[in-house]
Amino acid sequence: MPNPEHQTRILQTIAAIPHGKLCTYGKIAELAGLPRHARLVGATLKNLPAGSKIPWHRVINSQGRSSFPEGSDAFNKQQQRLEAEGVILSGGKYNLRHYLWTP
DNA sequence: GTAATGACCAGGC
DNA sequence: AGCCTGGCCATTA
């Protein structure tokens with residue numbers, strides 16, 4: 001069973017990402033006080049119930065790419081939600097120079 | 001107890 | 001740019 005306290009901190013950190021901004025798995029782990037736990041962030045998002053208020057679509061990997069295979073349902077939904085916020089996918093990547101959130 | 005897995009990451013080539 | 005490798009660490013088998 002996952003550690004509920006760690007999950008809570010991770011989810012709160014993700015919830016703090018502003019509209020129109022992005023953050024990476026490793027950065028979220030760091031901000032949540034759990035450095036080197038990027039994979040735990042991914043595992044936490046994977047267990048999210050459908051309809052959660054957590055903005056999982058604002059979380060991408062350190063290369064500026066989606067973690068989902070291109071063309072998958074999750075990939076398309078992520079792209080749609082981000083572009084609705086003004087975050088544009090160009091060349092298969094999101095421009096972290098523009099959209100990365102740094103508190 | 002060991003071995004494999006994974007919405008990851010950094011470095012090397 | 002892409003691909004591979006080793007590291008990472010909670011979770012699972």
Side-chain angles (χ1 to χ4, degrees):
Chain A
M1 187 153 189
N3 187 320
E5 175 145 359
H6 290 177
Q7 295 223 40
T8 300
R9 299 234 296 284
I10 288 170
L11 293 177
Q12 284 178 348
T13 303
I14 296 173
I17 304 173
H19 183 282
K21 291 288 183 180
L22 297 175
C23 199
T24 68
Y25 294 89
K27 194 74 175 173
I28 288 164
E30 183 184 337
L31 293 172
L34 298 165
R36 297 184 298 283
H37 285 67
R39 303 190 96 130
L40 183 60
V41 176
T44 300
L45 289 181
K46 180 152 205 174
N47 319 338
L48 272 185
S52 169
K53 289 192 310 191
I54 299 300
W56 56 267
H57 56 283
R58 299 187 187 138
V59 185
I60 61 179
N61 69 23
S62 65
Q63 310 306 305
R65 295 170 80 42
S66 169
S67 294
F68 304 109
E70 187 175 352
S72 66
D73 288 1
F75 180 96
N76 291 331
K77 184 186 299 192
Q78 182 176 38
Q79 178 181 2
Q80 174 188 334
R81 288 193 185 182
L82 286 177
E83 296 201 342
E85 300 184 357
V87 178
I88 307 156
L89 178 69
S90 58
K93 294 168 54 171
Y94 299 98
N95 192 328
L96 292 177
R97 294 250 170 150
H98 287 145
Y99 306 125
L100 181 63
W101 174 56
T102 54

Residue [X], side-chain atoms from C-beta onward, closest of [options]:
| X | options | result |
| --- | --- | --- |
| A:R36 | B:dA7, C:dC9, B:dC9 | C:dC9 |
| A:K93 | C:dA1, B:dA7, C:dT11 | C:dA1 |
| A:L40 | C:dA10, B:dC9, B:dA7 | C:dA10 |

Atom-to-atom span, [atom1] of [X] to [atom2] of [N] - whole angstrom:
| X | N | atom1 | atom2 | answer |
| --- | --- | --- | --- | --- |
| A:I54 | B:dA7 | CD1 | C1' | 15 Å |
| A:L96 | B:dC9 | CG | P | 10 Å |
| A:I10 | C:dC9 | CD1 | P | 14 Å |
| A:H6 | B:dC8 | NE2 | C1' | 18 Å |
| A:I14 | B:dC8 | CD1 | C1' | 13 Å |
| A:I60 | B:dC9 | CD1 | C1' | 14 Å |
| A:Y94 | B:dA7 | OH | C1' | 13 Å |
| A:E70 | B:dA7 | CD | P | 18 Å |

remark   = When A:W56 and A:Q63 are each assigned the nearest nucleotide of DNA chain B, the 5'-most assignment goes to A:W56

message = Distance alone, cut at 3.5 Å: any donor-acceptor contact between the side chains of A:E85 and A:H57?
response = yes

query = Is it the case that A:S66 and A:Y94 place a side-chain donor and acceptor less than 3.5 Å from each other?
reply = no

Return no unless some side-chain N or O of [X] is found under 4.0 Å from OP1 or OP2 of [N].
| X | N | result |
| --- | --- | --- |
| A:S62 | B:dC8 | no |
| A:H37 | C:dA10 | yes |
| A:S67 | B:dC8 | yes |

inquiry  = Treating A:N76 as the side-chain partner and A:G71 as the backbone partner, does any N or O pair qualify as donor plus acceptor under 3.5 Å?
reply    = yes

remark   = Taking every heavy atom of A:I17 against every heavy atom of A:C23, the minimum-distance pair comes out as CD1-CB, 3.6 Å

request  = For side-chain contact (heavy atoms from CB on, under 4.5 Å), just list the numbers for A:E30 and A:R36, CA-CA rounded to whole Å, side-chain angles, deciding distance to a tenth of an Å, and then say yes or no.
outcome  = CA-CA 7 Å; A:E30 183 184 337; A:R36 297 184 298 283; over 6 Å; no

query = Any donor-acceptor pair under 3.5 Å joining the side chain of A:R39 to the base of B:dC8?
reply = yes

